[in-house]
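A quick write-up on the structure given underneath.
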Number of protein chains: 2
Amino acid sequence: MSQFIEDGAKYLLDNPDIAPNSAAYLWNKKMMVQVSCRGYAVGQFMQPEPAKYAHIPSLAAKSFMQPEQPYFSHHPGRFFYVRDDETGEMFSAPYEPMKVKLDDFKFIPGLSDVTWVAQKFGIEITIRLTLVNDEVAEVYQVSVKNLSNKPRKISLIPYFPVGYSSWMNMGGDFDKELNAVVCTCISPYQKVEDHFKQKHFKDITYLTADRTPNSYEVALQKFEGDGGLHNPSALQDKQNLTNGNALYEMPACIMQFELELASNQQEDTTLLFGPAFDKAEIKNLKAKLFDGSLNDKIHDYEDYIHSGNGCFDIHTPDDQLNNFVNNWLPRQVFYHGDSNRLSTDPQTRNYLQDAMGMAYIKPDSTRASILHALSQQESSGAMPDGILLTDEAELKYINQIPHTDHPVWLTIVIEAYLNETADWAILDEQVKWGDSDEITSVYDHLSRAMQFLIKERDHRGLNYIAQGDWCDPMNMVGYKGKGVSGWLTEAVSFAIQKWAKVCVIKNDQTQADQLNQTAQEINKCINNELWDGNWYGRGITDDGVIFGVNADKEGKIFLNAQSWALMCGAPSDDQKQKMFNAIDEQLNTPYGVMMYAPAYTAMRDDVGRVTQKWPGSAENGSVYNHAAAFYASSLYQLNESDKAFDVLRKMISGPNDADIKQRGQLPVYIPNYYRGAYYQFPRTAGRSSHLFNTGTAAWFYRLTCEEMMGLKGCPEGLNIQPKLPSQWQEAHCTREFRGAIFNVRYIKSDNDALRVDVNAETITDSIIRDIKANTTYDVVVYF
Amino acid sequence: MSQFIEDGAKYLLDNPDIAPNSAAYLWNKKMMVQVSCRGYAVGQFMQPEPAKYAHIPSLAAKSFMQPEQPYFSHHPGRFFYVRDDETGEMFSAPYEPMKVKLDDFKFIPGLSDVTWVAQKFGIEITIRLTLVNDEVAEVYQVSVKNLSNKPRKISLIPYFPVGYSSWMNMGGDFDKELNAVVCTCISPYQKVEDHFKQKHFKDITYLTADRTPNSYEVALQKFEGDGGLHNPSALQDKQNLTNGNALYEMPACIMQFELELASNQQEDTTLLFGPAFDKAEIKNLKAKLFDGSLNDKIHDYEDYIHSGNGCFDIHTPDDQLNNFVNNWLPRQVFYHGDSNRLSTDPQTRNYLQDAMGMAYIKPDSTRASILHALSQQESSGAMPDGILLTDEAELKYINQIPHTDHPVWLTIVIEAYLNETADWAILDEQVKWGDSDEITSVYDHLSRAMQFLIKERDHRGLNYIAQGDWCDPMNMVGYKGKGVSGWLTEAVSFAIQKWAKVCVIKNDQTQADQLNQTAQEINKCINNELWDGNWYGRGITDDGVIFGVNADKEGKIFLNAQSWALMCGAPSDDQKQKMFNAIDEQLNTPYGVMMYAPAYTAMRDDVGRVTQKWPGSAENGSVYNHAAAFYASSLYQLNESDKAFDVLRKMISGPNDADIKQRGQLPVYIPNYYRGAYYQFPRTAGRSSHLFNTGTAAWFYRLTCEEMMGLKGCPEGLNIQPKLPSQWQEAHCTREFRGAIFNVRYIKSDNDALRVDVNAETITDSIIRDIKANTTYDVVVYF
């Protein structure tokens, strides 16, 4: 665990009112749990759709993950009351729900575990949460230590609320044989056909332990009483729990362990919490984990997480950046690619970009994802709005709304994959089509995707937006079938130029020429139709109104419309300078670059849902990190290394950075957004969404590796073109690439020209060729 | 207000842990609000579907009303913190969320208002909630009184949480011009078409007052802080609110009024709380209600509620019964009939039975409901699963599941309507059909309904159940199209016998004979196929398995299958005696008669959803009052007056009755169920569902009037056949009937034969004929 995080965690103790929802997440292939420093938690598993095993105290809507989800005292969490049974003094750990000011407190998110340490009344409680592979169970290793110099009687009372699980059936009881509180429910339904879908659901939530509790309680109301969760009636006046059950009463898993601890003595207890289909499943799980092998299995899980280590390690003058890029960032990329965000129908663009990140971690997985996605492509070349991962899966939520950008991402992910692997054979892989029995090559799939994008343009040469493009909630620009997206048109130009390069390598010069020719034409259309004098407009509505322009009072300038114009090569140098000026003036903030500004404060019926989002939240004028990463990409393309670094660096913050307070988040992941609307609503600008699902991670990783450190694959080998921030004098990077290891030292020199020494020999250009696997290369880069 | 209720309310003070959710409800034609004695509240209004304007702190599922919905500290409510600004001492009224033990407390549900009185620290706060007609607004008249003998500075801080209203947009601020906290949101959506449906939604929630607050707060987290709702950080250390807004933060309407009160001085404040489309709507509402006319408008609302007074008043030896039947019961019947349970697609059987209740309150409304329902009847004679009340309405929830009993209720409601009005002309009203342009008479509609029911029987002569009948969750008995319902077959026999009587009066002897003949045949089938030796089985599954029989371990005996057998005349006297014995032994409990027993504890795949409900909750083995009312009806039909009275009387409980604690409810309405499973789960048996939507109300009212008091209309006039419980020596009833008033005294006599004196003259039979409107009849009944 890095000092960086420990410092961050310490910070929370002295500032209990800040970062109150700062959270960490753990996952394996079957489940995910996000836990806050205060003890609140959200756990989900797949059956096959995401399901919860601990609920709020009311019927919750089934929904995608919500940003800035507020916690409240009855929210699900994993709490431990700790009571001195002789004095009756009591506190709760981690912090909620009693919120007693602690003498010491640590919140230590790890790569494969999360630990809390709390001290009060001379008692220390350490709670470590981890997972194991292939099981849906949270593992808690809890130690209670008597720090005082006399023997004490101490009760440890885990309180794991289960909540309102069903209007049909909910309750629970203690099962002696299992030594578990077993809460049951029946997922509610009304249609007969749903019964057959749901009858195999894991409708049990259990808490079991490796020691027998002295007493238990299951009905929340009986436990809480009129005392409230901050002072439960059942624990007042040194009372013990009374072994009650819950019969269609709000259930909670509550056990009391009465410990007698000598001075400095510590007692360890292990708890398992999760869903189950039946009691036999709990029994089996206990047999597997409580047979003495638990620590081995926890190590196996650690190994699994470490198997997602990235392809490079950096050692730069920026410790926070090093820590983030070496530990937290590849972990986030791995999470996305390995769990598919715990969905069965990932949005196509997310699925592809998550696969892009995996190119640097487990390229086989990227390969499989590309082939799987293409097997659902329509023979027109169009991509569906989501990729179905299971036979039962269906398109849900936003994936039921037609978006037009999905094919764009194909060339981007395949470029990353080829950069990293040079696996050109993939282009000849034969893949079926989603809507026909035809089977053709990956190359043909991609080519058709590009031709489809070219075709889906209007008389002005601009791409139709339908009910959205990358920006989901821009759903009314083109719902009548006429409106167009400036950004998408730029992205199409960019994508087909990328593909043209592959065509050349595949000796398909005809298509390459056509694509390049078309890109030039498109760029002309972009300049003709969308250039607004100082930047590019975002699109044109069904009724022919251009928006994202200076004449607009809100939503004047959109970042994506600039970034991708830069990437596709539309603007002249003069235009570029004007764009940078506009971005710096209107979009850049201390918390990052906003997606557009000013945020909308009222509905624009011709733009759509985005305009109804809270200014500064989510898409509406936020620092949407995914968009910021695109901008960084365009900056690197233009060798604007310092600007690019600034954009990326603002996605992280450090423990001594005052804005950790504003962000409300320890820097253990990049959230999908920080609130924007910086000039309109400064009080809330910079707040984290607390959502760790974001394509940003893959882009950040790729840009750091290929652009900032300049270690990008090419057909011939490794092309070394660093774009380090100008303030760095030196840096070091270890890079795994095509089976070899590259130890790269970067040394600033006064020479303008780049010099690369490999194993003490200067190479003629910047490309290391003929790479031999299982070899270590010592590289010095003078930049 | 009756002593009965005040006593009940007092009871709560000394027993804060009992009846913690005891609640009352108010409604007008546009909204409904249920408030608990502790201050929790659920408010709904129509736009046109039911919508909430105060939410839980998480995304709530849209759902029908849930039974035994648990409250928790962040649940919506209308709370008032009261603080002595000099000492900092503080409590909250009514009781939550601080739960400070009060010196005095009253919860006084009224017919058109609800009042709480709380005393602590020498301060008395009185909160009166009422509504006005035609507006969606809760009106709070709040008085704070200094009971001490010195002047004091007291802050009144209403805290009305608004909750998690939308992931798209939520927040709020104080509007100076409106003198209101105005919280905004956008009802979330993803599909463009939903935007057009939702753009006229009232997405504002406001709290305004007739005095200017000294300060306010809108962000819940800022108010609550780490202190928690039981001790909000913002109010600690004599601090005042700091006038903050909420920007995509959980909003709440919080104002602080700083009052300076001389000894015994009182200050009154009026607050309005509700939803609005825009600020202009709030402005208009304030102009209407704060122009000096508020008390008049509250009286108008009182008049509206009183317009739902019933058609009779009783004065019996049972004070609790008198109070309930004269006040609370007609109010509940009126609520159902007038608001249609705040739905746009009431289930057909509910719609018809609610209309049946209205026959005794506003018979014109019953007439309109019958005609409206028939206009949606299919030309086959079938009735749809729900009746659509608006053009936009669609069948939702359970109304999407095919049920087979709906036509049965037509003859039952029309009988009640004709009893009360003798409006035989309704039978000749011409009504269109739901699926054709044909227009035919009501008589034809009803006849086709009966013929349809006769047709929908299998080779055994029993009626198909499809995915349910009156018992919604018995959804797997016949989903394959073969299973049959014993109860429904009995109900069909009963319904067609009723209709045969109308046929006779309409001189349609042919149909009458056919119906009576068929009923006899059906009764034979019932006896052949369903008699189990001591009672009737409930049905036969798709696979030919009879259930609701002695061989079953769970669900052995179903009340409905006995009640309706008795009503349709299937059993012999010997059978009847066996049935009564079985019911008394297996179904009767101190809390009423259970719908069946034993409750299911595990799924029976051939019976259905009911078996997955918690034993004792809702349909699964509960004292389902609607079914108990059917049973009472069958008992009255057999002149089992004492048994019938016992069944009805158990639906109410009194303040000195120990089971008010168990029921958790003041007797101001009949809930749809009390928990059953009395022999299986005695701890929770008797608990109220807290749902006041139930067909029970109409049946209870009709049975009390027509059977118990024996004042039933007939074609010739008023037929007097009292069936009073045998322990009563006398009683009195005032009955409005066909425009006349009947003052009826009941005197027990030693004669077996009934004697009726009208205006001091004994009449020859029990029918008062030739009733003259606007006349008062003095009637003495010697029974």
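A note on names: the letters A, B, ... follow the listed sequences, proteins ahead of strands, and every chain is numbered from 1. This one's a predicted model, so the numbers in the text were calculated from it and none came from an experiment.
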If you count the non-hydrogen atoms of other residues, nucleotides and ligands that lie under 6.0 Å from OH in B:Tyr159, is the total more than 12?
yes
All salt bridge (Lys or Arg N to Asp or Glu O under 4.0 Å) counterparts of B:Asp606, not counting sequence neighbours
B:Arg604
Work out which heavy atom in A:Arg609 is nearest to a heavy atom in B:Tyr189; give both atom names and the distance.
CD-O, 2.7 Å
Please step through side chain to side chain contact (heavy atoms under 4.5 Å, CB included) for the pair B:Phe72 and A:Ser58, ending with a clear verdict.
CA-CA 9 Å; B:Phe72 51 99; A:Ser58 200; 4.3 Å; yes
Could you have a look at B:Ile186, B:Leu247, B:Leu59 and say which one has the most heavy-atom pairs with chain A under 4.5 angstrom?
B:Leu247
Counting heavy-atom pairs under 4.5 Å with chain B, the top scorer among A:Arg687, A:Glu249, A:His75, A:Lys199 is A:Glu249
What part of B:Gln467 gets closer than 4.5 Å to chain A, counting heavy atoms only: side chain, backbone, both or neither?
side chain
In terms of heavy-atom proximity below 4.5 Å to chain B, should A:Ile398 be classed as side chain, backbone, both, or neither?
both
Show your working on side chain to side chain contact (heavy atoms under 4.5 Å, CB included) between A:Glu68 and B:Trp167 and close with a plain yes or no.
CA-CA 9 Å; A:Glu68 302 189 54; B:Trp167 49 263; over 6 Å; no
Testing the basics here: between A:Gln612 and B:His195, what is the closest heavy-atom pair and its distance to 0.1 Å?
NE2-CE1, 3.5 Å
Contact origin within A:Asn231 toward chain B - heavy atom pairs under 4.5 Å:
neither
Counting only heavy atoms closer than 4.5 Å, note whether A:Lys99 contacts chain B via side chain, backbone, both or neither.
side chain
Side chain, backbone, both or neither: which part of A:Ala219 has an atom under 4.5 Å from a heavy atom of chain B?
neither
Checked B:Met170, B:Glu224, B:Lys62 vs chain A; the most non-hydrogen pairs under 4.5 Å come from B:Met170
dist B:Leu229:CG -> A:Leu229:CG (nearest 0.5 Å) comes out at 11.5 Å
Can you tell me if OH on B:Tyr600 sees more than 12 non-hydrogen neighbours from other groups inside 6.0 Å?
yes
With a 4.5 angstrom heavy-atom cut-off, could you sort out which part of A:Thr184 is near chain B: side chain, backbone, both or neither?
side chain
In terms of heavy-atom contacts, A:Pro57 and B:Gln69 come closest through O-NE2, 4.2 Å
What distance separates A:Met250 CE from B:Tyr71 OH, expressed to the nearest 0.5 Å?
12.0 Å
Could you look at A:Tyr164 and say if it's the side chain, the backbone, both or neither that has a heavy atom under 4.5 Å from chain B?
side chain
For the candidates B:Ile56, B:Ile401, B:Asn475, B:Val192, which exhibits the highest count of non-hydrogen atom pairs separated by less than 4.5 Å from chain A?
B:Val192
Interatomic spacing from CG in B:Asn245 to CZ in A:Phe681 - rounded to 0.5 Å:
8.0 Å
Could you tell me which of B:Glu619, B:Lys191, B:Glu96, B:Arg683 has the largest number of non-hydrogen atom pairs under 4.5 Å with chain A?
B:Arg683
May I have the step-by-step check of side chain to side chain contact (heavy atoms under 4.5 Å, CB included) for B:Gln400 and A:Gln190, ending in yes or no?
CA-CA 9 Å; B:Gln400 297 176 330; A:Gln190 292 190 313; over 6 Å; no
Minimal heavy-atom distance between B:Ser617 and A:Met168, with the atoms involved, is OG-O, 4.3 Å
